[in-house]
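Each remark here refers to the structure printed beneath this line.
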There are 2 protein chains.
Amino acid sequence: MPDPGPADAIIALSAITRSVFARAAERHSLTPAHARMLCILAAGPRRMTELAALMDVEKAALTGLADRAERRGLLTRSASDTDRRAVLITLTQAGRAAASAFHHDVSGQLTALTDVLSDQERDAFCRGVARIRAGRRDDAAG
Amino acid sequence: MPDPGPADAIIALSAITRSVFARAAERHSLTPAHARMLCILAAGPRRMTELAALMDVEKAALTGLADRAERRGLLTRSASDTDRRAVLITLTQAGRAAASAFHHDVSGQLTALTDVLSDQERDAFCRGVARIRAGRRDDAAG
DNA sequence: TATTGTTATACTCTATAACTATA
DNA sequence: TATAGTTATAGAGTATAACAATA
C-alpha cells in the first residue's frame, strides 16, 4: 500500500471513533446501541418508525431496543395526540442526563484527537467533512 | 449548536462510514463483523488471540465468529508450528475473494464521497487524518 | 388498503466464567 | 503459573414474517 488514499483515511478514522464510542458507552454503563439511541433522542421525542429510520434498523428491532431502555428507566412511551396508532418515545430525566454525559465524554475524547492539528488544519478538516456531508445529502435527494 | 466543531465532524463521518460499510456487507452477503474480520485477515494469517485484539473483542467471542466464517468457507484453522496451543486463522480462496471484493466496493464508495473536495482539500484531509492516527499511536505507546 | 407498532421466531454478536491443553 | 483456545451460559441486537389496531 504505497498511497493510503482518502478511503483508507476515512476507514481508519472510523475505527478510532468506533473504539472511542464503545469505551465511552461502557464507562456510562450503556450498550453502544442505547448510547446511539440516546444521542438521537436528545434532540427531542420521536415516533418508533421515525427513530428506526434514524438508527437504520427495522421497527421490530427497535421495539426490543426501546423495551430494554424503558426497563432501565432511560425513556418512556406515550400515546400520540394526533395518531392513535403512533407511540412517542421521550427521554426521562435520567435518560437526558445519560445522553448529555455520554455526549460530553465522547466529544471531549474526539476533540482531543485533533489536538495534534494546527488551528488551520483543524478548520480545513471540519470544512472538508461538512462538504462531504452536504454532497451526500444531495445524493440522497437527487 | 452554533459551532459544529471537530468532534461532530468525526461523528458525522463515522455515521456515514457505518452506513456505507453495512450496505456493502449486505451486497456481498457478509455480516458487518465478518466483513471486518476478512479485511484484517486479508493482510495475512493471524492467531486467535491476535485477531481478537485487532477486532477488539474477547477471544471467546472470536471462537463463534470464526466458527461461522469457517462454516461458510471463508477461512480455515490450522495448527501453529511453534506453539501447539495456538491456532492459525487463514483465509480460503473464497475468503480472499470476498475480502478483496468487499474492500474494493467500500473503498470506491468512500473515495466517491470525497469527489466534492478539490485535490488540495482532499490531500489536506488525508494528511490531517494521518496526523491524528500518529498522535493516537503515540498516546497508546506513551 | 396502507401504516403503526408489536409479537413470534431464528440468527448473529458479545461478555463472563470455567475448563483443557500446552508453555 | 501463565497463556491459547474452547465450551457453557446468558443476554443484547437484528431481520423476516405475521398480526392487531388505526388511518
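Below, chains carry the letters A, B, ... as their sequence lines are ordered, and counting in each starts from 1.
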Spacing between B:H34 atom NE2 and C:dT14 atom C1', to the nearest angstrom: 13 Å
Between D:dA12 atom C1' and A:E26 atom CD, what is the distance in whole Å? 14 Å
Identify whether the distance between the nearest side-chain nitrogen and carboxylate oxygen of B:D67 and B:R77 falls below 4.0 Å. yes
Select from A:A61 and B:L88 the residue whose nearest nucleotide in DNA chain D is closer to the 5' end of that strand. B:L88
Look at the aromatic rings of B:F125 and A:F125 and report parallel, tilted or perpendicular, splitting at 30° and 60°. parallel
D:dG11, OP1 or OP2 - any side-chain N/O from A:R68 closer than 4.0 Å? no
In whole angstrom, give the distance that lies between atom CG of A:D83 and atom P of C:dT3. 12 Å
Could you tell me whether a side-chain N or O of A:R131 sits under 3.5 Å from a main-chain N or O of B:V116, the two making a donor and an acceptor? yes
Presence of A:T49 side-chain N/O under 4.0 Å of C:dG5 phosphate oxygens OP1/OP2: yes
Counting only side-chain N and O atoms of A:R84, is one of them less than 4.0 Å from OP1 or OP2 of D:dA21? no
Among the nucleotides C:dT4, D:dT14, C:dT12, which one has an atom lying closest to any side-chain atom of B:R72? C:dT12
Would you please confirm or rule out a distance under 4.0 Å between OP1 or OP2 of C:dG5 and any side-chain N or O of A:T63? no
Over how many whole Å does the gap from B:L65 atom CG to D:dA12 atom P extend? 20 Å
A:R85 side-chain proximity, nearest of D:dA21, D:dA15, C:dC13: D:dA21
Can you work out whether A:E50 or B:V57 has the more 5'-proximal nearest nucleotide on DNA chain C? A:E50
Any idea which of C:dA8, C:dG5, C:dA2 is nearest the A:A60 side chain? C:dA8
Please give, in whole Å, the distance from C:dA15 C1' to B:D56 CG? 12 Å
Hey, does A:I16 have a side-chain heavy atom less than 4.5 Å from the side chain of B:I10? no
Does B:R77 put a side-chain nitrogen or oxygen below 4.0 Å from OP1 or OP2 of D:dT6? yes
Does a salt bridge link A:D56 with A:R36, judged by any charged N lying under 4.0 Å from a carboxylate O? no
Separation of C:dT22 P from B:M48 CE (nearest whole Å): 17 Å
Using OP1 and OP2 only, check whether a side-chain N or O of B:R46 sits under 4.0 Å from D:dA4. no
Atom pair distance, as rounded to whole Å: CD in A:E58 and P in C:dC11: 18 Å
May I ask you to say what A:L62 touches in the nucleic acid, namely base, sugar-phosphate or nothing, with a heavy-atom cut-off under 4.0 Å? nothing
Given D:dG5, C:dT16, C:dA2, which nucleotide is nearest the side-chain atoms of B:V87? D:dG5
Please report, rounded to the nearest Å, how far the C1' atom of D:dG13 is from the CZ atom of A:R36. 11 Å
Is the shortest heavy-atom distance from the side chain of A:I89 to the side chain of A:M37 under 4.5 Å? no
